[in-house]
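First the proteins, then the strands, lettered A, B, ... as listed; each starts at 1.
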There are 2 protein chains.
Amino acid sequence: MEPSPQFERIRAYYLSLLPALTGDAWELCTSYFTVRTLKKGEFLQKQGVVANHVSFLNYGLLRMYHLVDGREKVSEFFKEGDYAADYRSFLMREPANTYVQALEETEVVELSFDDLQIIYQRIPEANFIGRLIAEELFKDICRRTTMQVTVSIDEQYAAIVRDKPWLIQRVPQYMIASYLGVTPEALSRIKSRAGKRSRKIPLRPTTPVITEIAAAAKP
Amino acid sequence: MEPSPQFERIRAYYLSLLPALTGDAWELCTSYFTVRTLKKGEFLQKQGVVANHVSFLNYGLLRMYHLVDGREKVSEFFKEGDYAADYRSFLMREPANTYVQALEETEVVELSFDDLQIIYQRIPEANFIGRLIAEELFKDICRRTTMQVTVSIDEQYAAIVRDKPWLIQRVPQYMIASYLGVTPEALSRIKSRAGKRSRKIPLRPTTPVITEIAAAAKP
DNA sequence: TTCAGATATTGATCCTGATCAATAATTGTC
DNA sequence: GACAATTATTGATCAGGATCAATATCTGAA
């Protein structure tokens with residue numbers, strides 16, 4: 001509706017994606033936005049429920065996790081400036097298989113699925129933004145996957161300390177352990193052993209490496 | 001350029017996304033498409049090289065993998081009807097950290113990054129398609145991630161046998177093992193032990209479960 | 001400040017998958 | 001069909017993380 005300071009951050013975000021986003025189009029968007037505040041511990045999303053909103057974080061911190069056999073497996077953290085919510089569930093209109101919970105008091109700008117479709121229809125450029133957001137999420141999840149495959153837990157933890165110190169500050173260690181796919185005990189030992197600096201372990205291939213030369217040579 | 005049977009499959013795909021894709025717009029698209037054939041063993045993408053094309057598979061089979069410490073870690077398979085290529089590298093214009101290699105003779109329809117940008121500019125609806133494709137890729141990678149976190153290797157293999165029998169048929173077992181994140185030996189044992197049916201292991205939480213009630217109660 | 005609950009560390013043991021090694025089965029080629 | 005190369009299986013040992021348990025540290029509220 002009216003220009004609100006609560007939409008400043010998301011506006012800056014959108015403008016960075018699409019500088020030409022005009023006043024009218026933006027007004028239409030904001031007319032569908034709603035603001036919501038989550039207390040620490042509250043859930044933005046629960047397993048089994050279809051995600052009906054995407055949420056842009058004005059401030060605060062969320063974690064996304066799977067609940068498997070009574071254990072929580074943290075898959076992602078969201079902080080101010082991020083898009084949160086189970087985007088898969090949101091897109092597929094299927095029940096989510098994750099929980100999203102506030103770790104701090106958090107304010108989000110919400111947009112419902114139906115309203116987003118209206119926006120896509122009325123503002124063709126919105127598809128551009130939607131594309132960039134989907135691409136952004138894709139890149140993030142790729143980065144994570146590559147990390148998991150490429151780097152040892154020790155190095156992943158070191159990378160977090162180096163690149164995302166805010167995670168260390170704001171999240172209990174056992175959740176970071178879960179995020180890394182190990183137990184709290186294991187992470188504790190990883191930290192302690194981090195002192196004695198990285199020994200290089202030379203490995204040799206166990207699986208045949210198909211080189212292009214060798215393979216392409218055979219028509 | 002001219003209506004080609006080589007573009008039939010991708011046309012059907014696009015039409016399924018956007019029925020209103022008009023003849024003219026489609027012609028513009030096809031004018032940028034190029035067809036390429038890969039022999040078994042040839043690479044569509046190599047680590048260290050910026051992915052300059054997205055590739056739609058007309059027929060054939062590709063695998064994507066990371067090379068870490070001389071070992072290949074398979075992260076994805078692509079078959080006819082899929083979009084292949086290191087989309088992260090393509091989007092970010094950064095060197096890829098993966099290889100994409102043909103496991104069978106494969107025909108792809110390629111579109112370069114620059115040409116795609118032109119299409120996005122000239123055909124606004126293309127953003128719609130681009131959004132859906134990015135969303136599709138996102139959903140796929142989410143599905144994979146959820147599997148990895150949620151389900152045991154045994155069950156993941158069973159799921160492949162059940163849901164993707166073509167993988168079993170067309171891909172050597174040691175690549176499927178790599179895809180599942182285990183050694184070929186381990187997968188072999190998993191298969192043999194698959195006979196004696198799943199014993200249920202009751203687990204109790206090792207990490208405190210923050211319930212909404214408890215957490216939200218504290219303002 | 002004190003205390004209780006939550007979080008982190010440390011130790012001992014167990015278990016699964018990795019590794020190393022050898023053999024068997026399969027596949028494709030001549 | 002026979003052979004060579006690739007792929008799969010099976011066995012024995014090893015290593016790292018999980019688990020269980022105990023203690024230490026931290027945090028926030030009264």
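For the atom pair CG (B:L137) and SG (B:C142), the distance works out to 11.0 Å, reported to the nearest 0.5 Å.
Remark: B:R193 is not in phosphate contact with D:dT9, judged by side-chain N or O atoms under 4.0 Å from OP1 or OP2. At the phosphate of C:dA8, neither OP1 nor OP2 sits under 4.0 Å from any side-chain N or O atom of A:K191. At C:dA8, none of the side-chain N or O atoms of A:S188 fall inside 4.0 Å of OP1 or OP2 (strictly under the cut-off). Dashed line: the shortest gap from a side-chain N or O of A:Q173 to OP1 or OP2 of D:dC26 is not under 4.0 Å. Applying the 4.0 Å criterion to OP1 and OP2 of D:dT19, one finds that A:R71 has a side-chain N or O inside that range.
Screening A:Y99, A:F78, A:F77 for a ring pair (Phe, Tyr, Trp, His ring centres under 6.0 Å) involving A:Y65 leaves a single residue, A:Y99.
Atom CD of B:E72 is separated from atom P of D:dT7 by 10 Å (rounded to the nearest Å). Rounded to whole Å, atom C1' of C:dT27 lies 15 Å from atom CD of B:Q169. Note: CG (A:L187) to P (C:dT10) measures 12 Å, nearest angstrom. The interatomic distance linking B:I176 (CD1) with D:dA8 (P) rounds to 8 Å, in whole Å. Taking atom CD of B:E185 as the reference point, atom C1' of C:dT23 lies 13 Å away to the nearest angstrom. One atom, CG of B:D154, and another, C1' of C:dC15, lie 14 Å apart when rounded to the nearest Å. If you take CG of B:L103 and P of C:dT27, they are 16 Å apart, rounded to a whole angstrom. Rounded to an integer number of Å, the gap from A:E104 CD to D:dT27 P is 15 Å.
Distance from the side chain of A:A186 is smallest to D:dG17 among D:dT7, C:dA18, D:dG17. Counting only heavy atoms from C-beta on, A:R189 has its side chain closest to D:dT19 among C:dT9, C:dT19, D:dT19. Out of D:dA18, C:dT7, D:dA8, the shortest distance to the side chain of A:P172 is found at C:dT7.
Using modelled atom types, no side-chain atom of B:D69 and backbone atom of B:R71 make a donor-acceptor pair closer than 3.5 Å.
Taking the ring centre of A:F90 as origin, the terminal cationic atom of A:R93 falls inside the region bounded by 6.0 Å and 45° from the ring axis.
Defined by atom type and a distance below 3.5 Å, a donor-acceptor pair is present between the side-chain atoms of A:E155 and A:S152.
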